[in-house]
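Just below is one structure, and these are the notes that go with it.
In what follows, chains are A, B, ... by sequence order, proteins preceding strands, each numbered from 1. All values below come from the heavy atoms of this structure, side chains included, with hydrogens, waters and symmetry mates left out.
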Amino acid sequence: MNIFATLKARIDAVLGDLMAEGALPQGLDLTRVAAEPPREAAHGDVATNAAMVLAKPAGKNPKELAALLVERLKTLPDVVDASIAGPGFINMKLDDKIWCNALRDVLALGAAYGDGKTGQGEAINVEYVSANPTGPMHVGHARGAVFGDVLSRLLAKTGFAVTKEYYINDAGGQVDHVARALRARYLQALGKLSEEDVQGMLQRKEIMYGGDYLIPVAEALKARDGDKWAGVDDENVWIPPLRDFTVAFMMKLVKDDLLALGVHHDVFSSEKALVEAGKVDDALDFLEKAGLTYTGVLEPPKGKTPDDWEPRPQLLFKATQFGDEVDRPLKKSNGTWTYFAGDIAYHKDKVDRGFNNLVNVWGADHGGYVKRVQAALAALTAGKGQLDVKLCQMVKVLNNGEPVKMSKRSGNFVTMRDLIDEVGKDVVRFIMLTRKNDAPLDFDYARVTEKSRENPVFYVQYGHARGRSVFRHAKDMFPTADLTDPGLAKADFALLKDPDEIGVLRALANWPRTVEGAALAHEPHRLAFYMYDLAAQFHALWNKGNDAAELRFLQAEDQNVSLARLALVRGVGLVIASGLAVFGVEPVEEMR
RNA sequence: GACCCCGUAGCUCAGCUGGAUAGAGCAUCUGCCUUCUAAGCAGAGGGUCGGGGGUUCGAGUCCCUCCGGGGUCGCCA
């Protein structure tokens with residue numbers, strides 16, 4: 001199905017023959033042999049580096065080896081010519097019908113075109129968002145949410161058994177802080193504090209959260225419990241119930257936001273539940289038995305030494321044995337577990353549930369945390385567990401180049417809701433993937449809704465809509481023709497002769513490779529660039545028809561050519577639609 | 001001070017895990033545009049891939065080093 005993969009297999013077979021015949025030494029490692037599209041179309045359809053890669057181990061010079069190979073490659077099915085170029089590349093020209101086969105696949109498989117089996121059903125766990133249940137989600141969360149969600153769909157498309165997971169940090173100090181802020185809003189709801197009082201507490205840092213979003217939570221608490229907590233002064237008494245109340249409320253908020261973005265998780269794991277089930281103790285026992293914990297004193301942090309720093313003995317994990325810079329604390333000075341201890345337990349839990357392949361999507365501000373978690377995972381699985389941490393850089397929200405002001409609801413950030421309300425879910429999802437996760441992203445309301453080539457969402461959607469439009473016209477022009485996908489598959493594709501038509505076919509043939517590469521590299525943004533390029537090629541073909549009427553898709557006098565071209569148009573539409581499906585974006589039928 | 005990310009055309013960014021003459025869009029310049037779908041099209045100029053070393057048939061890509069920008073740095077999550 002994937003031309004490059006089948007060709008690679010055939011080249012390997014040829015090399016195998018040569019080894020068997022004694023023309024090449026036995027047991028050569030063929031993993032580095034590649035069959036890929038040449039960068040320059042003029043070089044042919046497929047290039048292989050076999051001669052250069054194998055020259056040294058085979059004890060021959062590249063040109064000599066290439067000369068040996070090229071004669072064999074010429075005889076491969078679908079190869080019409082092969083030649084040696086540059087330092088030893090072998091370029092192959094394929095029968096144009098091979099590209100037509102790609103189109104046939106597209107029409108037969110629809111959205112499933114590009115699905116792969118590389119994952120072989122391996123279980124993989126993708127953890128993303130995992131926002132603290134302390135308030136509404138902001139733009140940064142939106143990026144991580146879309147990234148994780150789309151990476152998951154991509155991995156599933158490539159044959160992995162994906163579990164999408166959210167880790168709820170409902171056990172640490174942050175949720176206590178929210179509980180305190182909620183109490184202030186609650187007292188305000190009861191008329192015992194004024195807005196000024198609350199703002200004053202915020203300024204004096206007595207409470208840490210000041211957004212308006214806590215007001216309805218406080219109202220709800222009042223509606224349920226009346227003034228039950230007004231006279232209770234002991235924090236130990238009122239914090240737990242208020243905390244649980246807020247966390248439940250906030251998780252509802254979070255889930256609503258995620259739903260609005262079209263993001264879905266299979267599993268929500270609770271830190272608090274892990275602690276209460278004793279899993280933190282279990283995990284730490286495990287490390288202790290392995291001799292990987294000890295009580296020690298850390299060096300003071302370099303750079304900006306805190307004023308109140310003093311050396312204290314703490315329970316530490318020997319992270320340095322697994323590539324981290326320093327050993328990491330498991331217990332705070334007051335004897336309670338650190339966040340890291342909980343996270344170790346959480347990752348052990350994932351491993352115990354059968355995942356050896358893990359992906360975590362975090363904000364870039366957590367970069368300093370990567371090594372220690374990878375170290376912990378290595379310790380827990382004796383090196384068998386793989387954890388890839390994808391750090392998403394900042395999103396800057398702009399309107400016409402001007403920074404967008406923060407919403408009052410949140411307090412101090414642009415919320416995910418603001419984004420969705422402003423430009424819609426589909427635009428948010430697509431734009432978040434137009435940069436690799438490593439790179440900062442500018443999200444400009446004006447730019448992303450503009451109808452121009454500069455705006456990738458528009459340009460790709462426009463390509464899809466144009467294709468649909470051609471079909472609306474085709475129905476009128478050829479009322480009796482069978483324009484279904486199976487019907488179009490019967491068209492005579494040999495009538496697609498224009499180099500740009502062949503170019504589009506080639507691009508369609510490249511889709512499965514692109515999907516697989518993006519999935520294995522954990523880089524969904526590659527699909528955005530592919531879709532943009534495919535749309536650009538399609539638009540260019542369309543525009544050629546403006547100048548040369550005989551190149552228009554629909555030729556009233558020639559139904560056979562029209563049907564072949566309609567098949568091509570349909571193929572482009574299907575591949576764009578299947579790319580958008582991975583992105584969770586609805587293809588547009590018609591531009592308005 | 002350490003660690004992580006980034007540095008590619010005037011600007012914003014790709015570059016398919018080491019391949020051939022480094023690519024798009026915007027901006028600039030030159031033509032075209034009463035159209036099956038319109039929000040444009042075709043072409044041109046523009047590069048020491050931050051600097052310097054190294055690895056090899058071959059480096060924007062890998063290693064070392066320096067420069068510049070961002071992030072993080074015990075008892076936050």
Seminar exercise, completed: Under a 4.0 Å heavy-atom criterion, the protein footprint on nucleotides 31-40 of chain B, written with B, S and -, is -----BBBBS
Exercise. For A:K436 and B:G15, is the shortest distance between a side-chain N/O and OP1 or OP2 below 4.0 Å?
Worked result: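 Checking A:K436 against B:G15: at least one side-chain N or O falls below 4.0 Å of OP1 or OP2.
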Problem set entry | A:W337 six-ring centre to A:K332 NZ/CZ under 6.0 Å and within 45° of normal |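 Pair A:K332/A:W337 does not count as cation-pi.
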N/O donor-acceptor pairs under 3.5 Å from side chains in residues 363-371 of chain A, not counting sequence neighbours:
from   : atom 1 : to     : atom 2 : distance (Å)
A:Y369 : OH     : A:D343 : OD2    : 3.3
A:K371 : NZ     : A:E325 : OE2    : 2.6

Minimum-distance nucleotide to [X] side chain [options: [options]]:
X	options	value
A:R513	B:C16, B:A14, B:A77	B:C16
A:K371	B:C4, B:C76, B:G58	B:C4
A:H366	B:C57, B:G74, B:A77	B:A77

Side-chain donor-acceptor pairs under 3.5 Å in residues 519-528 of chain A, sequence neighbours left out?
from   : atom 1 : to     : atom 2 : distance (Å)
A:H522 : ND1    : A:D388 : OD2    : 2.6
A:E523 : OE1    : A:R526 : NE     : 2.9
A:E523 : OE1    : A:R526 : NH2    : 3.0
A:R526 : NH1    : A:G517 : O      : 3.4

Problem set entry | side-chain hydrogen bond (donor to acceptor under 3.5 Å, both in side chains) pairs, two or more places apart, involving residues 510-521 of chain A |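 Found A:T118-A:E516, A:N510-A:R513, A:W511-A:S578.
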Problem set entry | Sugar-phosphate only, base, or nothing, as touched by A:H525 at under 4.0 Å among non-hydrogen atoms |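 Contact class for A:H525: sugar-phosphate only.
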Do [X] and [N] share a donor-acceptor pair, side chain to base, under 3.5 Å?
X	N	value
A:D343	B:A77	no
A:R526	B:C16	no
A:R312	B:C75	yes

Exercise. In chain order, what residues pass the side-chain hydrogen bond (donor to acceptor under 3.5 Å, both in side chains) check against A:E454, with sequence neighbours excluded?
Worked result: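 Scan of A:E454 (side-chain hydrogen bond (donor to acceptor under 3.5 Å, both in side chains), adjacent residues dropped) gives none.
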Exercise. What is the distance, rounded to the nearest whole Å, between atom CZ of A:F538 and atom C1' of B:A24?
Worked result: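 Value for this atom pair: 20 Å.
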Seminar exercise, completed: Under the rule of Watson-Crick or G-U wobble with both distances under 3.5 Å, where | means paired to another strand and [ ] a crossing pair, RNA chain B maps to (((((((..((((.....[...)))).(((((.......))))).....(((((..]....))))))))))))....
